[in-house]
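What follows is a short report on a single structure.
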Amino acid sequence: MQITYIELEKISNLLEKPTEELTNAECWALFLRYASYNDKRQVLEKITEKNGGVRMAVDVLKYMSKSDIERMWYEDEILAEIDQEAEIDHKVKKERIEMAKKMKKRGISIEYILEDTGLTIEEIEE
């Protein structure tokens, strides 16, 4: 176990340090210190490009700071995207099944159909 103490008031000198040279702890310190400062957004954006953990924290912070209505709209958007992806996946699968049917009618081997369509043996035999 490791415990790190960060004196947030003493990290302002890190703002001048190039993002590529920041350590993981320094990235987190800058996030914790300046997350609520609008004038430091550029620094935070650079840090999120470098550090995936900080990026997730920023995303959670953005989500949590939304009003109930904004959160509902955001969740509706995500659900709509998921539905759209599922619909696309379903259409692609249906097209592959149709292609497999045509290939079977032509007498093409199961192994070739497997390779070409990406379907399972059970799906092809069905």
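All figures in this text were calculated on a predicted structure; none of them were measured in a lab. As a basis for the values below, the full set of heavy atoms in this structure was taken, side chains included, without hydrogen atoms, waters or symmetry mates.
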Shortest non-hydrogen pair, Ile124 vs Ile110, comes out as CG2-CD1, 3.6 Å

Applying side chain to side chain contact (heavy atoms under 4.5 Å, CB included), name anything that partners Ala35, two or more places apart in sequence or on another chain. Phe31, Leu61

Taking Leu8 as the starting point, is it possible to reach Ile47 by hopping between hydrophobic residues whose side chains are less than 4.5 Å apart? yes

Would you mind listing the cluster partners of Val92? Hydrophobic ones only (ILVMFWY), side-chain contacts under 4.5 Å, chaining allowed. Ile88

Checking one residue: Met1. Which other hydrophobic residues are in its cluster under the side-chain 4.5 Å linking rule? none

Remaining members of the apolar cluster that contains Trp73, side-chain heavy atoms under 4.5 Å: Ile69

Apply side chain to side chain contact (heavy atoms under 4.5 Å, CB included) to residues Asp83 and Glu87 and explain how you reach the verdict. CA-CA 6 Å; Asp83 287 347; Glu87 186 177 328; over 6 Å; no

Chi angles and distances behind the side chain to side chain contact (heavy atoms under 4.5 Å, CB included) call for Asn24, Asn51: CA-CA 7 Å; Asn24 193 36; Asn51 190 309; 2.4 Å; yes

Heavy atoms of other groups near Ile121 CD1, more than 12 under 6.0 Å: no

Working note: Glu49 + Thr19, criterion side chain to side chain contact (heavy atoms under 4.5 Å, CB included); need CA distance, chi angles, decisive distance, verdict. CA-CA 9 Å; Glu49 290 173 12; Thr19 310; over 6 Å; no

Could you measure the distance from the CD atom of Gln42 to the OH atom of Tyr34? Nearest 0.5 Å is fine. 14.5 Å

Which residue is it: Glu7, Glu9, Lys40? I am looking for the one with a side chain to side chain contact (heavy atoms under 4.5 Å, CB included) to Arg33. Glu9

Give a yes or no on whether the backbone of Glu26 and the side-chain of Lys17 come within a donor-acceptor separation of less than 3.5 Å. no

In Å and rounded to the nearest 0.5 Å, what is the CG to CD distance from Asp68 to Glu70? 9.5 Å

Of all the heavy-atom pairs spanning Leu119 and Leu114, show the shortest one and how long it is. O-CD2, 3.0 Å

Does Tyr74 belong to the same Ile/Leu/Val/Met/Phe/Trp/Tyr cluster as Leu79, with side-chain heavy atoms less than 4.5 Å apart forming each link? no

Point-to-point distance, once rounded to the nearest 0.5 Å, from NZ of Lys46 to SG of Cys27: 12.5 Å

Can Lys93 and Glu123 be said to form a side chain to side chain contact (heavy atoms under 4.5 Å, CB included), step by step? CA-CA 10 Å; Lys93 182 93 165 198; Glu123 291 170 326; 2.3 Å; yes

Between CE of Met64 and NZ of Lys66, what distance do you get to the nearest 0.5 Å? 12.0 Å

Run through the side-chain heavy atoms of Ile, Leu, Val, Met, Phe, Trp and Tyr, join any pair under 4.5 Å, and report what else lands in Tyr5's cluster. Ile3

Residue Lys104 excluded, over 12 heavy atoms near NZ under 6.0 Å: yes

Just wondering, more than 12 heavy atoms not from Lys62 lying within 6.0 Å of its NZ? no

Within 6.0 Å of CE in Met99, more than 12 heavy atoms from elsewhere: yes

Hey, quick one: are Val60 and Leu32 part of the same hydrophobic cluster, counting side-chain heavy atoms closer than 4.5 Å, chains of contacts allowed? no

State the CG-CD distance between Asp116 and Glu111, to the nearest 0.5 angstrom. 13.0 Å

Would a hydrophobic clustering, with Ile, Leu, Val, Met, Phe, Trp and Tyr connected at side-chain separations under 4.5 Å, put Leu15 with Ile11? yes

Quick one: pull up OG1 in Thr117 and CD in Glu98 and give me the separation to the nearest 0.5 Å. 12.0 Å

Excluding sequence neighbours, so at least two apart, what forms side chain to side chain donor-acceptor pair (under 3.5 Å) with Tyr112? none

Single-linkage hydrophobic cluster Tyr37~Val58, side-chain heavy atoms < 4.5 angstrom: yes

